[in-house]
Structures are given as C-alpha cells and as structure tokens.
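See below for the structure under consideration.
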Amino acid sequence: MTNRTFTMIKPDAMRNGHAGAILDKITKSGYKIIALKQTKLSLEKAGEFYEVHKERPFYGELTQFMSSGVIIAAILEKENAVADFRTLIGATDPSKADEGTIRKLFATSLGENAVHGSDSDENAKIEGDFFFSGLERF
Ligand code: CMP
C-alpha cells in the first residue's frame, strides 16, 4: 500500500513526556492514524527490527536504547506519506534538523532522536507488518 508510512515514538521522547505533542503535530500535519499501539521491544526484537544496521558500529547502542523503555508504534496515511513524514521529522541528527521539525523540537541526540520514519514504501510495509496484524488496522 503506497501513501502509508510507519513511525515509532522512541523511548527518549516517551520518557520526556513528548508523546502527546508529537502525535498532535502528526495529526495536525494531515496524517490519518491507521494503527497505533504502546509497546516495548525486547533486545531481541529491537535487533530484528534494526537487522539492516547489524554491521554498523552503533547497532549495540541502538538496540539497547530502543529496548530501554516503552515506545508508540503507528501506521500513518497521507498522500506522499514516506517523503513528507521524513520532512516533518527532520534530519537524523537533531542538531542538523530544520526549525519546527519534530526532531528539532523533541530529540535529544543522534542516537536518541525521538522518532522513527520509514525511508521507503517497501520498508514502511515491512515495518508496519512487524508491529501490526490486519485486525489492528482501520
Ligand atoms: P532512525 O533513522 O530512526 O533508525 C536508525 C537509527 O540509528 C537512527 O534513527 C539513529 O537514531 C541511529 N543512529 C544513526 N547513526 C548513529 C550513530 N552514529 N550513533 C548512534 N546512533 C545512530
């Protein structure tokens, strides 16, 4: 399904109390929530989700962090969802993110950058399927 993307509100933003403000910004930017849940990744599940980064030096840090607390996972729908959502969240490194973007407003650091956004339609489908069954999408 095109026009859909997948996001997570990461443990730093959850701990810092930014979940409500981030969801508000997402819905006010025109995204319809197709599926949404609060959950917590085990270290093993975080490793599976980020398998593509397995050889990167930050893989251990990334999977430890992503399993360190609760997250919110969601599938979002809007025209041009993947590209527009990456604009809305801003650069991976919050110090390089544009003013007004979610990472500029709410992220802590490169490793703890508040939100995830899929980088392609193909990965949006894979990532959404990782968290949600057909019965959880509306
Ligand atoms: P995201 O794009 O959501 O998914 C991969 C994550 O890896 C990325 O966000 C960053 O949080 C993290 N990441 C990328 N580069 C580094 C790095 N050099 N050190 C630590 N974490 C990183």
Side-chain angles (χ1 to χ4, degrees):
M1 165 68 82
T2 57
N3 295 333
R4 287 190 180 183
T5 192
F6 171 79
T7 188
M8 290 182 285
I9 303 178
K10 298 186 180 183
D12 61 316
M14 297 297 288
R15 277 194 280 272
N16 293 329
H18 296 316
I22 290 172
L23 288 171
D24 186 53
K25 200 156 170 61
I26 290 170
T27 51
K28 284 197 173 125
S29 300
Y31 293 87
K32 180 179 173 209
I33 294 173
I34 301 297
L36 181 137
K37 69 170 77 163
Q38 176 169 287
T39 185
K40 188 168 184 288
L41 288 167
S42 64
L43 185 60
E44 187 191 4
K45 277 290 185 192
E48 212 181 298
F49 185 87
Y50 286 108
E51 181 87 36
V52 64
H53 295 308
K54 204 175 174 97
E55 303 308 322
R56 304 281 192 96
F58 57 83
Y59 179 73
E61 186 188 320
L62 173 63
T63 54
Q64 284 286 346
F65 165 63
M66 286 304 296
S67 59
S68 70
V70 297
I71 61 163
I72 286 175
I75 297 172
L76 306 172
E77 188 172 85
K78 189 181 94 62
E79 200 179 312
N80 202 33
V82 167
D84 284 0
F85 193 71
R86 285 175 75 82
T87 302
L88 178 66
I89 65 180
T92 306
D93 182 346
S95 70
K96 296 184 181 136
D98 288 341
E99 289 299 328
T101 60
I102 290 176
R103 283 175 171 152
K104 185 72 174 186
L105 289 167
F106 303 114
T108 318
S109 64
L110 172 60
E112 304 199 358
N113 62 358
V115 280
H116 168 83
S118 303
D119 63 5
S120 65
D121 285 348
E122 187 193 4
N123 283 337
K125 173 154 178 28
I126 292 168
E127 292 168 3
D129 290 348
F130 186 90
F131 281 92
F132 296 102
S133 76
L135 292 172
E136 297 173 306
R137 301 164 197 227
F138 300 94

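Indexing begins at 1, ligand by ligand and atom by atom, following the structure's order. As the structure is a prediction and not an experimental result, all values here were calculated from the model.
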At a non-hydrogen distance cut-off of under 4.0 Å, which region of Asp119 contacts ligand 1 (side chain, backbone, both, or neither)? neither
Tell me, do Ile33 and Ile26 make a side-chain contact under 4.5 Å, heavy atoms counted? no
Is there a polar contact between ligand 1 and Asn113, counting only N or O atoms under 3.5 Å apart? yes
Relative to the heavy atoms of Lys10, which atoms of ligand 1 are at a distance of less than 4.0 Å? 1 (P), 3 (O), 9 (O), 11 (O)
Could you check whether atom NZ of Lys32 has more than 12 heavy atoms from other residues, nucleotides or ligands sitting under 6.0 Å from it? no
What part of Arg56 sits under 4.0 Å from ligand 1 if we count only heavy atoms: the side chain, the backbone, both or neither? neither
Starting from atom 4 (O) of ligand 1, find the nearest protein heavy-atom neighbour and note its residue, name and distance. Tyr50 CE2, 3.6 Å
Contact check, side chains of Leu41 and Phe130, non-hydrogen atoms, under 4.5 Å: yes
Under 3.5 Å between some N or O of ligand 1 and some N or O of Thr92? no
Does atom CG of Asn16 have more than 12 heavy-atom neighbours, drawn from other residues, nucleotides or ligands, at distances under 6.0 Å? yes
Can you pull out the closest protein heavy atom to atom 11 (O) of ligand 1? Residue, atom name and distance to 0.1 Å, please. Leu110 O, 2.9 Å
Could you tell me if any non-hydrogen atom of His53 lies under 4.0 Å from any atom of ligand 1? yes
Tell me which part of Arg103 gets within contact of ligand 1: side chain, backbone, both or neither, using heavy atoms under 4.0 Å. side chain
Considering all heavy atoms, the nearest Leu110-Pro94 contact: N-CD, 3.7 Å
If every non-hydrogen atom of Thr101 is compared with every non-hydrogen atom of Thr87, which pair is closest and at what distance? CG2-O, 3.6 Å
So, does Phe65 sit close enough to ligand 1 that a heavy atom of it is under 4.0 Å from the ligand? no
Within 45 degrees of the ring normal and closer than 6.0 Å to the centroid, is that where the cationic atom of Lys37 sits relative to Phe132? yes
Is the ring pair Phe6/Phe49 parallel, tilted or perpendicular, if the boundaries are 30 and 60 degrees? tilted
Lys125 and Asp129 ion-paired at < 4.0 Å: yes
Heavy-atom pairs closer than 4.0 Å: do any link ligand 1 to the side chain of Glu112, the backbone, both, or neither? neither
Residue, atom name and distance, where the atom is the protein heavy atom closest to atom 6 (C) of ligand 1: Leu62 CD1, 3.7 Å
Subset of ligand 1 atoms that lie under 4.0 Å from at least one heavy atom of Glu61: 20 (C)
For atom 20 (C) of ligand 1, grab the closest protein heavy atom and report residue, atom and distance to one decimal in Å. Phe58 CB, 3.4 Å
